[in-house]
Structures are given as structure tokens and as C-alpha cells.
*Asks:* 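Dumping the structure here so I can ask a few things about it.
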Protein chains: 2
Amino acid sequence: MTTEPIRVLVVDDDFRVARLHASYVEATDGFAVVGTAHTAADALRMAADLGPDLVLLDEYLPDTNGSEILRSLGSAVLMVSAAEDSQVVRQALAAGAVNYVLKPFPPSVLIERLVAFARFWNLLGAGAHLDQTGVDRALQALRMADSPVATARKGRSPVTSEAIVEVLRAAPDAVTAVDVAEATGVSRATAQRYLSDLARDGHVRLTLRYGTTGRPEHCFEWLGG
Amino acid sequence: MTTEPIRVLVVDDDFRVARLHASYVEATDGFAVVGTAHTAADALRMAADLGPDLVLLDEYLPDTNGSEILRSLGSAVLMVSAAEDSQVVRQALAAGAVNYVLKPFPPSVLIERLVAFARFWNLLGAGAHLDQTGVDRALQALRMADSPVATARKGRSPVTSEAIVEVLRAAPDAVTAVDVAEATGVSRATAQRYLSDLARDGHVRLTLRYGTTGRPEHCFEWLGG
DNA sequence: GTGGCGTTGTGTGCGTTGTGCTCATGAGCC
DNA sequence: GGCTCATGAGCACAACGCACACAACGCCAC
């Protein structure tokens with residue numbers, strides 16, 4: 001699992017912010033910061049010199065906008081910006097940013113997305129032949145962090161969500177809704193509500209237990225993240 | 001909800017394939033084909049002239065590779081390619097392709113992803129301010145079509161259907177209902193229910209094995225798609 | 001050759017069991 | 001004190017396995 005680290009170039013006009021982001025990257029398993037830039041010109045030069053796998057790019061730079069140089073960097077780009085205008089976001093994502101993080105953000109938001117990117121990167125790094133399913137799995141891994149587990153979805157409580165995820169993490173293998181209900185103390189119906197959310201967002205793998213008569217029971221397995 | 005259509009440029013070296021893909025695009029609500037190109041040079045020129053919102057790009061072009069011009073097109077790119085090498089796929093996705101469809105594919109695969117792209121596009125087109133949740137929702141919409149939800153028929157489970165298709169894909173040649181039942185864990189009756197559905201919809205080829213006494217056994221062979 | 005018979009796998013009604021939805025209730029938050 | 005919102009109970013139905021009727025072959029006697 002431990003292949004060579006993903007080489008990251010951090011770009012932000014504010015050198016303190018850049019240092020902060022770099023520290024987040026360094027703190028994430030499988031990542032290494034290879035450089036830091038504060039202007040678009042520097043970013044382009046360093047990207048060409050260092051050939052990073054990923055660039056953390058700010059939208060607001062002193063010489064030009066981040067989205068202007070996005071295509072010229074020659075590597076994957078994760079936008080980190082305070083630009084909330086949807087046109088700007090759409091432009092950046094259409095131009096090829098793999099993700100878009102709005103400043104300010106807690107460290108976990110960036111780290112989770114880095115982890116997701118790493119999983120995506122490694123899934124496609126095996127060098128083997130792929131089918132459509134393999135491509136889709138990789139893309140889904142990339143999007144896994146986009147719906148945080150402690151989500152603020154309608155009718156769902158972050159506390160309960162956290163408790164259920166904790167049970168799934170601790171479980172050695174697949175568990176049923178009833179197992180989760182008993183372990184957390186919530187009712188079966190509530191456990192199923194949260195578990196089906198997690199399955200829909202791809203955080204857990206859903207399998208069915210056959211063999212007994214009656215409708216098959218759902219088994220949930222945590223997929224990390 | 002019906003804003004102006006998404007303008008698409010179709011690029012494929014084979015003009016028949018390009019025409020086919022263009023017909024898929026035209027058949028999808030909210031999309032309009034603004035041009036067709038067969039070489040990388042043409043694609044670049046037409047992209048600059050027409051300013052499409054989305055480019056359907058083939059990897060294999062007579063003058064250069066699709067991923068080479070991916071960054072220079074100035075619009076969102078959906079890769080349509082037969083290149084199964086994971087390095088190529090990773091390169092293209094890192095360079096900014098919003099999706100990657102492996103040829104050959106049934107029309108539904110492309111159309112579903114186009115619809116997903118339209119949802120993504122419109123979610124970010126409102127022009128309003130966004131928060132992180134809004135960005136994530138848009139990205140999630142883009143990935144919605146990537147998990148092929150197999151069946152919506154009454155009394156059939158998508159999960160079971162997926163499991164059975166997986167066995168059929170993995171099988172080197174034709175398998176019987178009992179083989180599928182043992183491999184997945186479902187009963188023979190259930191396996192036969194799903195297999196006969198697949199056969200009726202034309203996803204598997206059904207052959208009969210004679211020679212032994214008794215009723216001939218059905219053998220199922222995956223047909224791709 | 002042909003019709004009856006045994007054999008083997010297929011298809012379907014039925015009971016069973018778990019899921020997901022709706023609605024009313026109790027816990028927080030102004 | 002009214003409001004929202006997550007939870008639990010109850011219920012409709014979804015999706016299995018089981019068992020049996022039936023279908024489609026090979027075999028053999030005539």
C-alpha cells in the first residue's frame with residue numbers, strides 16, 4: 001500500500017497560508033510537499049521544473065487568477081479558494097480541477113479530500129488494464145470525501161452519524177443493521193436510515209446475506225475514509 | 001429549468017463513430033452538437049472558434065493523442081476512448097477530463113453521463129453564491145451516473161443483479177444457473193429469475209447444453225455492455 | 001420410426017423475513 | 001409556549017427460499 005508519496009506543489013499568495021496548507025499536506029499519509037509558490041509565474045516555473053503530481057492552487061494570485069494557469073500546470077489541480085461565485089467554480093471544475101475547497105476551511109476538509117485523491121491515484125496507478133467499472137470505482141473514490149460522513153442532511157443528526165460510523169469502523173467485517181442498532185442503542189429503523197445513507201454515498205459497501213428464507217439481510221462494511 | 005442547451009463538440013478520428021456519438025448527444029435533452037472534428041488540429045481550431053461547453057474527445061487521433069490537447073481546448077472534456085491502460089486514464093482524469101467512457105459502450109452509458117454533466121452544469125450555472133455543500137452537491141451530481149444501477153424491475157434487487165452480472169463478467173465462458181447460484185450465494189431459483197431477465201433484455205446469450213438425459217441445461221454468456 | 005417413460009432442469013405460487021416509509025411523540029431551541 | 005427536528009412504532013411491500021408442476025430432452029421397446 002505504501003507506494004511512493006504523491007508530490008504536491010502548494011500555491012497561495014499569502015506565504016503564511018501557503019505554509020499552513022503545506023503543513024496539512026505533510027501531515028497526510030502518502031503525500032510530500034515538493035515546493036511552495038506565491039505567484040502564478042512562480043507556480044508555472046516550479047510546476048515545469050518539479051513535475052508534481054498535484055497542485056494546491058489558490059484562485060487569487062497577485063499576477064493572474066488561478067483558473068487562468070490551471071490548464072498550463074501539467075498536473076492534477078485541487079483548487080483552494082475563497083471565490084464563492086458559482087461561475088468561477090464551474091469554470092475551474094470544467095477546466096479540470098479535481099476538487100474545489102472553499103476557504104476558510106477546517107484542516108479535516110482538505111485532508112479528507114487529499115486522502116480521497118490518494119485512493120483515486122493509487123487505484124489508477126496499478127498499471128493494469130481497466131474496464132469501465134474500474135474507472136468508475138476510481139472516480140467514486142475521488143468523490144468519497146465530498147459528502148462528509150457527519151453530514152448535515154435533513155433529518156439526520158451528526159452525533160448519531162458519528163456513533164454509527166464508529167461502530168462500523170470497529171467492526172472486523174460486515175455487520176447488519178440490527179448489529180449496529182444494538183451496539184449504538186438506536187432503533188433498527190434509525191440505524192437503517194443512516195446506513196442506507198452511507199451506502200448511497202459510497203462510504204460503506206452493501207452486500208446481501210442470502211441462504212435463509214425471507215428477504216435477504218443487508219450487510220454493511222466500512223470502506224475507510 | 002430548461003436553460004439554453006449545452007454546446008458540444010464531438011471529436012473522433014472515425015467519422016462514422018463521430019456521427020454516432022453526435023446522434024447520442026443530440027438525442028439527450030439539453031444538449032446540442034455545434035461541431036464535429038476528426039483530427040486534433042481541427043478540434044483545437046473548432047474549439048477556439050465555437051467555444052463549446054463540452055468536448056467529447058477520443059484518445060486516438062491521427063495527428064496526436066487526445067490527452068495531449070485536452071488542456072488546450074478551453075472547455076470541459078469528456079474522454080471517450082478505447083485506451084484501457086490505467087496510466088492513460090489517470091493522466092486524462094488528472095488533466096481535467098470530467099469523465100472517462102471506455103469504447104465500445106451502449107448508448108445509455110454515454111447518455112447517462114451527459115445527463116449527469118448537465119445536472120452538474122446547471123447546479124453551478126445559477127450564478128449565485130455557493131458554500132462548500134453546494135460545490136460538493138454539484139460534484140456528486142457529476143458522479144451519479146457512474147454506478148450503473150442495474151435493474152428497476154419489480155421484485156428484483158439492484159445489489160443482487162450487480163452480484164450476478166459480476167459473476168457473469170468474471171466467467172471465462174458460459175455458465176449455468178447453478179454455477180451462478182453457488183458463486184453468489186443465492187438460491188438456484190433466484191439466480192434463474194435474474195438470468196432469465198438478463199436473457200430477455202439481451203444482456204446475455206442463452207445456449208442449451210444437450211447430451212445428457214433430461215431437460216437441457218441453460219448456459220448463459222455475458223455479452224458486454 | 002415412433003410413442004411412452006424416466007430423468008433432469010426450469011418456472012412459478014406461496015410463505016417468510018427484513019426493509020423503508022409514514023405518522024405521532026418527546027427533546028431541544030429560541 | 002410554539003416550533004423544528006430527530007427518533008421509535010407500526011405497517012405495506014420487497015425480495016428472498018421452498019416446493020411442486022411442468023417442460024424438454026435421451027432412451028428403449030416395439
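Letters go in sequence order (proteins before strands), and every chain restarts at 1.
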*Asks:* Looking at B/Ser157, does any N or O in its side chain come under 4.0 Å of the phosphate oxygens OP1/OP2 on D/dC16?
*Replies:* yes

*Asks:* For A/Val186, which contact category applies under a 4.0 Å heavy-atom criterion: base, sugar-phosphate, or nothing?
*Replies:* sugar-phosphate

*Asks:* Nearest whole angstrom, please: distance from the P of C/dG11 to the OH of B/Tyr194.
*Replies:*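 Taking atom P of C/dG11 as the reference, OH of B/Tyr194 is at 16 Å.
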
*Asks:* Roughly how many Å is it from CD in B/Glu182 to P in C/dG9, rounded to a whole number?
*Replies:* 12 Å

*Asks:* Taking side chain to side chain donor-acceptor pair (under 3.5 Å) as the definition, give me every residue that meets it alongside A/Ser196, ordered by chain and number, with sequence neighbours left out.
*Replies:*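 For A/Ser196 there are no side chain to side chain donor-acceptor pair (under 3.5 Å) partners, ignoring immediate neighbours.
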
*Asks:* Roughly, in whole Å, what's the span from OH in B/Tyr210 to P in D/dG26?
*Replies:* 8 Å

*Asks:* Is there any protein nitrogen or oxygen under 3.5 Å from a nitrogen or oxygen in nucleotides 1-8 of chain C, and what are the pairs?
*Replies:*
{"from": "C/dT8", "atom 1": "O2", "to": "B/Arg215", "atom 2": "N", "distance (Å)": "3.0"}

*Asks:* In sequence, state the C-alpha distance, the side-chain angles, and the governing distance for A/His21 and A/Phe105, and then conclude on ring-ring contact (aromatic ring centres under 6.0 Å, His included).
*Replies:* CA-CA 11 Å; A/His21 291 178; A/Phe105 55 86; 5.3 Å; yes

*Asks:* What I'd like to find out is whether the side chain of A/Val88 reaches to under 4.5 Å of the side chain of A/Asn65, using heavy atoms alone.
*Replies:*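 Side chain of A/Val88 against side chain of A/Asn65, heavy atoms only: no contact under 4.5 Å found.
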
*Asks:* May I ask you to decide if B/Leu102's main-chain N or O and A/Gln132's side chain share a donor-acceptor pair within less than 3.5 Å?
*Replies:*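 Checking the backbone N and O of B/Leu102 against the side chain of A/Gln132, a donor-acceptor pair under 3.5 Å is found.
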
*Asks:* Between D/dT4 atom C1' and A/Lys154 atom NZ, what is the distance in whole Å?
*Replies:*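 Nearest whole value for this atom pair: 8 Å.
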
*Asks:* Would you classify A/Thr160 as touching base, sugar-phosphate or nothing, given that sugar-phosphate means primed atoms plus P, OP1 and OP2, and contacts are heavy atoms under 4.0 Å?
*Replies:* sugar-phosphate

*Asks:* Within this structure, what is the CG-to-P distance between B/Leu195 and C/dG9, rounded to whole angstrom?
*Replies:*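 Rounded to the whole Å, the gap is 15 Å.
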
*Asks:* Output the rounded distance in Å from CG (A/Leu208) to P (D/dC16).
*Replies:* 7 Å

*Asks:* Round to a whole Å and report the spacing from CG of A/Leu206 to C1' of D/dA14.
*Replies:* 14 Å

*Asks:* Just by modelled atom types, is the B/Thr160 backbone N or O under 3.5 Å from a matching donor or acceptor in the B/Ser157 side chain?
*Replies:* yes

*Asks:* Salt bridge or not for A/Asp136 and B/Arg113, using N-O below 4.0 Å?
*Replies:*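 A salt bridge links A/Asp136 with B/Arg113.
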
*Asks:* Scan nucleotides 21-30 of chain C against the protein and return all N/O pairs shorter than 3.5 Å with their distances rounded to 0.1 Å.
*Replies:*
{"from": "C/dT22", "atom 1": "O4", "to": "A/Arg193", "atom 2": "NH1", "distance (Å)": "3.4"}

*Asks:* Is the number of heavy atoms from other residues, nucleotides or ligands under 6.0 Å of A/Asp14 CG greater than 12?
*Replies:* yes

*Asks:* Return yes if some donor-acceptor pair links the side-chain N/O of A/Glu26 with the main-chain N/O of A/Val33 below 3.5 Å, else return no.
*Replies:* yes

*Asks:* In this structure, are over 12 heavy atoms from other groups packed under 6.0 Å from B/Asp29 atom CG?
*Replies:* no

*Asks:* Rounded to whole Å, how long is the line connecting atom CD of B/Gln192 with atom P of D/dC22?
*Replies:*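 Interatomic distance, CD of B/Gln192 to P of D/dC22: 18 Å.
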
